[in-house]
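The structure displayed is predicted, hence computed values, not measured ones. Numbers restart at 1 for each chain; the letters A, B, ... are given by sequence-line order, proteins then strands.
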Amino acid sequence: MAERIHITTAIFYSNGPPHVGHASEAFATDTFARYFRRKLGRKNVTFVTGTDEHGDKNLRAATAQGLAPKAFVDRIAQAFRDAFATLNISYDFFVRTTDPVHEKFVQSMLQGAYDKGEIYYRDYQGLYCVGCERFYTEKELLPGNLCPAHNTPAELITEGNYFLRLEKYREQIRQHVLSTPDFIRPERYRNEALNMLGEPLEDLCISRPKARMDWGIELPFDSNYVTYVWYDAFWAYLSELPATDKAALAEVLPVSEHFIGKDILKTHAVYWPAMLLIAGLPLYRHLNVHGWMNFRGERMSKSSGNIPDPLEYEKTYGPDVLRYFLMREVVYGLDGDFTEERLIERYNADLANDLGNLTSRVLSMAARYCEGEVRAAPGAAREDVDSAIIQAFESAPARVGEFVEELSFNRALEAIWQALDAANKYIVATEPFKLAKKEDARPRVARILANLLEGLRVTADMLEPFMPATAAKLADLLQADEATLRAPYGTGLKPGHRVKPPVALFPRIEKPK
RNA sequence: GGCGGCGUAGCUCAAACGGUUAGAGCACGCGGCUCAUAUCCGCGGAGUUGUAGGUUCGAGUCCUACCGCCGCCA
């Protein structure tokens with residue numbers, strides 16, 4: 001039985017179009033998914049993303065634009081889909097929390113928890129911040145009862161609501177985190193989660209009276225209320241499955257990898273496990289927590305107008321460039337900083353000079369000296385100088401895989417580039433362009449070029465999860481089909497195979513000004 | 001206030017259990033090559049590893065205090 005894996009991004013809150021932060025999470029998740037598709041086979045990987053469309057922030061955003069809420073979220077969901085298509089995000093399911101199937105799923109889970117007595121009704125009076133969609137205690141608020149996040153006054157309201165018994169499950173969740181060291185990773189976030197689980201939890205309010213806010217999923221046991229907060233969104237990870245099929249759910253969860261930002265750690269490390277336990281389901285495999293993308297050293301925020309649009313960069317620099325930058329530059333789990341200057345530096349140094357130029361010079365020599373034909377078996381009949389490049393490309397894929405599986409995407413790319421370095425050094429060490437002038441050295445030139453072309457071929461294979469469009473271009477230049485692409489070094493390109501003449505994959509960008 | 005994290009070359013990052021002159025890449029300077037996108041290769045400078053103490057034969061790595069940045073909780 002082949003190993004399976006289930007991979008999710010956060011279900012993105014859809015009060016605005018996607019920005020670089022969303023793109024960043026989607027890239028990491030997509031890379032992970034693509035990597036595992038290659039490792040486990042396409043049908044053993046499920047990649048879920050989607051949009052969280054209920055709630056009063058969405059409702060207000062819609063009203064501000066003079067739209068009905070559904071019309072508004074339709075627009076946003078489409079914007080995410082379009083963006084993800086352009087960014088090559090290879091999801092299998094795009095779940096919208098307004099999908100009828102999803103709504104039924106949530107209602108089924110609500111009813112189950114209610115029947116079990118884990119959801120109960122009580123009156124609640126408190127200070128409520130509309131922006132946060134939550135109540136605050138007075139201690140938490142700033143002087144004047146201002147919300148610490150929004151700096152706006154919290155309103156005192158009284159209302160009856162439904163609550164989820166969280167505290168009851170705290171110790172069980174804590175034990176799971178303790179006994180599963182990599183449950184939440186990187187470790188820094190595990191420590192934070194343990195911190196949260198170390199003290200009593202208040203029960204979680206999971207409903208809103210329709211009288212105040214009706215843009216949500218109606219509670220199956222009380223038609224005066226809706227849910228839209230976390231009880232809604234989490235289930236989107238699973239709602240492509242039937243809610244009643246506990247066996248299927250119990251199969252998926254233990255292989256489920258959730259990718260989230262550090263801002264929603266508590267909800268995923270505490271609330272979500274509690275909901276799963278209440279539903280009698282196993283917990284997910286890993287919570288993979290990333291930091292925030294800053295923009296020019298500052299937190300992205302609407303008020304300061306520094307919300308970079310990923311599609312803009314995709315348009316300006318071509319496919320994969322933003323993606324490469326974010327994956328190479330940011331250490332997963334830590335905050336990253338995005339600047340266009342830095343992106344251009346990376347583009348020129350890594351993409352144009354290393355990858356692009358190497359491709360160009362190798363294909364150029366192949367065309368010039370061998371009429372684009374592979375005329376030797378790569379990796380065979382090696383001399384001492386050949387060992388370095390052969391070993392580099394033989395060992396790189398495994399190292400890349402280890403790094404991807406531990407979420408060190410930047411180091412995975414670094415490992416690929418080390419192999420590219422070995423190829424460039426190999427050209428200098430063997431000087432095929434000099435040997436080509438001597439008739440009797442032609443067989444040696446053929447072997448050198450075969451080794452290099454095979455290196456590019458393995459590069460295309462390794463690069464696919466990170467830079468799918470570039471990998472496809474490279475595979476096309478090398479005329480390598482899927483099976484050839486996947487082969488280990490030395491077993492891909494065969495004598496007689498023909499490659500295309502070079503093109504500039506990444507034309508160098510001249511520094512502005 | 002409590003808990004936790006981070007602070008290593010100009011920049012981005014590495015350095016299993018503490019152990020030989022703290023490493024890469026980028027940027028910068030010099031030299032070489034010409035197949036290539038003025039690309040590539042080689043060499044080089046630069047760090048009292050936030051500060052001050054302590055433990056140890058030996059500490060970036062452990063302990064204490066402090067400074068700075070940040071996060072979580074209350």
Side-chain angles (χ1 to χ4, degrees), chain A residues 136-141 148-149 170 184 186-202 261-267 269-270 289-292 294 297-299 318 325-339 341-370 385 388-389 403 408-418 420-437 445 448-449 452-453 456 501-511:
Chain A
Y136 278 96
T137 62
E138 279 186 47
K139 271 198 232 165
E140 291 175 296
L141 293 167
R170 178 168 63 89
I184 298 167
E187 196 175 4
R188 57 197 299 131
Y189 297 112
R190 175 178 187 258
N191 294 335
E192 285 194 14
L194 285 171
N195 207 350
M196 296 167 190
L197 290 164
E199 294 176 40
L201 296 169
E202 285 192 37
K262 64 181 183 182
D263 50 322
I264 51 177
L265 173 65
K266 182 174 188 176
T267 56
V270 182
V289 188
H290 66 255
W292 276 328
N294 292 322
E298 288 177 13
R299 175 133 182 228
F325 175 81
L326 294 173
M327 300 296 282
R328 176 65 186 82
E329 188 85 356
V330 178
V331 178
Y332 193 86
L334 303 180
D335 289 356
D337 190 34
F338 176 84
T339 70
E341 294 72 26
R342 194 84 183 134
L343 180 138
I344 291 173
E345 275 177 33
R346 279 286 178 197
Y347 179 100
N348 279 335
D350 300 352
L351 301 180
N353 295 352
D354 291 340
L355 177 60
N357 182 60
L358 175 68
T359 302
S360 176
R361 66 197 301 213
V362 171
L363 290 177
S364 173
M365 286 190 283
R368 190 184 291 215
Y369 307 139
C370 300
V385 275
I389 184 175
F403 283 133
S408 299
F409 301 110
N410 62 326
R411 302 194 70 185
L413 283 167
E414 198 177 7
I416 296 175
W417 258 254
Q418 279 170 7
L420 297 178
D421 284 346
N424 271 321
K425 285 177 171 59
Y426 180 63
I427 296 174
V428 172
T430 55
E431 298 184 313
F433 44 87
K434 280 187 182 167
L435 296 176
K437 291 170 184 160
V445 172
I448 292 167
L449 287 177
L452 285 163
L453 288 167
L456 289 181
V503 296
L505 288 175
F506 298 100
R508 202 181 153 78
I509 298 168
E510 296 312 322
K511 278 180 189 161

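Rounding to whole angstrom units, NZ of residue Lys434(A) and P of C33(B) are separated by 7 Å. Look at CG on Leu363(A): it is 16 Å from C1' on C40(B), rounded to the nearest Å. Look at CD on Glu510(A): it is 8 Å from C1' on A38(B), rounded to the nearest Å. Per the geometry, CG belonging to Leu420(A) stands 13 Å off C1' belonging to G25(B), to the nearest Å. Atom NZ in Lys437(A) sits about 11 Å away from atom C1' in C33(B), given to the nearest Å. Taking atom NZ of Lys425(A) as the reference point, atom C1' of A36(B) lies 17 Å away to the nearest angstrom. Taking atom CZ of residue Phe325(A) and atom C1' of nucleotide C13(B), one finds them 13 Å apart after rounding to whole Å. The distance from atom CG of Leu265(A) to atom C1' of C73(B) is 12 Å, rounded to the nearest whole Å.
Here the separation of U61(B) from G7(B), taken at their C1' atoms, is 15 Å to the nearest Å. With P as the reference atom, G5(B) and A27(B) are 36 Å apart, rounded to whole Å. Rounded to whole Å, the separation between the C1' atoms of A9(B) and G44(B) comes to 14 Å. Rounded to a whole angstrom, the distance from the C1' atom of G50(B) to that of G68(B) is 7 Å. A gap of 42 Å separates the P atoms of C69(B) and G42(B), to the nearest Å. Distance check on atom P: C11(B) versus C73(B) gives 32 Å, rounded to whole Å. Comparing the P positions of G71(B) and C63(B) gives a spacing of 25 Å, expressed to the nearest Å. With C1' as the reference atom, U21(B) and U12(B) are 25 Å apart, rounded to whole Å.
Panel note: side chain Asn357(A), backbone Ala352(A); no donor-acceptor pair is recorded below 3.5 Å. Listed for the Asn353(A) side chain is a donor-acceptor partner under 3.5 Å among the backbone atoms of Asn348(A). Counting only distance, with no hydrogens or angles, the side chain of Tyr369(A) and the backbone of Leu435(A) share no donor-acceptor pair below 3.5 Å.
Ser360(A) comes within contact range of at least one nucleobase, with a heavy-atom separation under 4.0 Å. Within the 4.0 angstrom heavy-atom criterion, base atoms lie near Leu505(A). Residue contacts shown for Pro507(A) include a base, since a base heavy atom lies under 4.0 Å away. Residue-level contact check: Tyr369(A) touches the backbone only, with heavy atoms under 4.0 Å from sugar-phosphate atoms and none from bases. Asp335(A) comes within 4.0 angstrom of no nucleic acid atom, judged by non-hydrogen atoms across all strands.
Using a 4.5 Å cut-off on side-chain heavy atoms (C-beta onward), Leu413(A) and Phe409(A) make no contact. Within the 4.5 Å cutoff, side-chain heavy atoms of Pro432(A) are placed close to those of Ile427(A).
When the shell of 6.0 Å around CD of Glu187(A) is examined, it contains 12 or fewer heavy atoms from other residues, nucleotides or ligands.
A residue-by-residue look at Met365(A) and Lys266(A) shows that Met365(A) has its nearest nucleotide of RNA chain B further toward the 5' end. Residue order along RNA chain B, read from the 5' end via each residue's closest nucleotide, puts Glu431(A) first among Asp354(A) and Glu431(A).
The Asn424(A) side chain lies nearest to C40(B) when the options are A36(B), C35(B), C40(B). Nearest nucleotide to the Met196(A) side chain, out of C72(B), C35(B), U37(B): C72(B). For Glu199(A), taking side-chain heavy atoms from C-beta onward, the closest of the listed nucleotides C35(B), A15(B), C73(B) is C73(B). Ranking C33(B), C26(B), A36(B) by closeness to the Glu345(A) side chain, first place goes to C26(B). Considering only side-chain atoms of Asp421(A), the nucleotide from C41(B), C35(B), U37(B) that sits closest is C41(B). Side-chain proximity of Phe433(A) to the nucleotides C33(B), U37(B), C40(B) is greatest for C33(B). The nucleotide whose nearest atom lies closest to any side-chain atom of Asn357(A) is, among U37(B), U39(B), A14(B), U39(B). Among the nucleotides C35(B), C13(B), C40(B), the one closest to any side-chain atom of Asn410(A) is C13(B).
Rounded to the nearest 0.5 angstrom, Met196(A) CE and Arg170(A) CZ are separated by 13.5 Å.
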Heavy-atom protein contacts under 4.0 Å, nucleotides 2-12 of chain B, coded B base, S sugar-phosphate only, - none: BB-S-----SS
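Consecutive Watson-Crick or G-U pairing (both distances under 3.5 Å) extending over three or more pairs maps onto RNA chain B as B:1-7 with B:67-73, B:10-13 with B:23-26, B:28-32 with B:40-44, B:50-54 with B:62-66.
Test Leu449(A), Val385(A), Ile389(A) against Thr430(A) for side-chain contact (heavy atoms from CB on, under 4.5 Å) and you get one pass: Val385(A).
In terms of heavy-atom proximity, Leu265(A) sits nearest to Tyr189(A) at CD2-O, 3.7 Å. When all heavy atoms of Val330(A) and Asn410(A) are compared, the closest pair comes out as O-CB, 3.7 Å. Contact between Asp335(A) and Gly291(A) at its shortest, heavy atoms only, is OD1-CA, 3.4 Å. In this structure, Thr359(A) and Leu355(A) approach most closely via the heavy-atom pair OG1-O, 2.8 Å.
For C72(B), neither phosphate oxygen OP1 nor OP2 lies less than 4.0 angstrom from any side-chain nitrogen or oxygen of Lys262(A).
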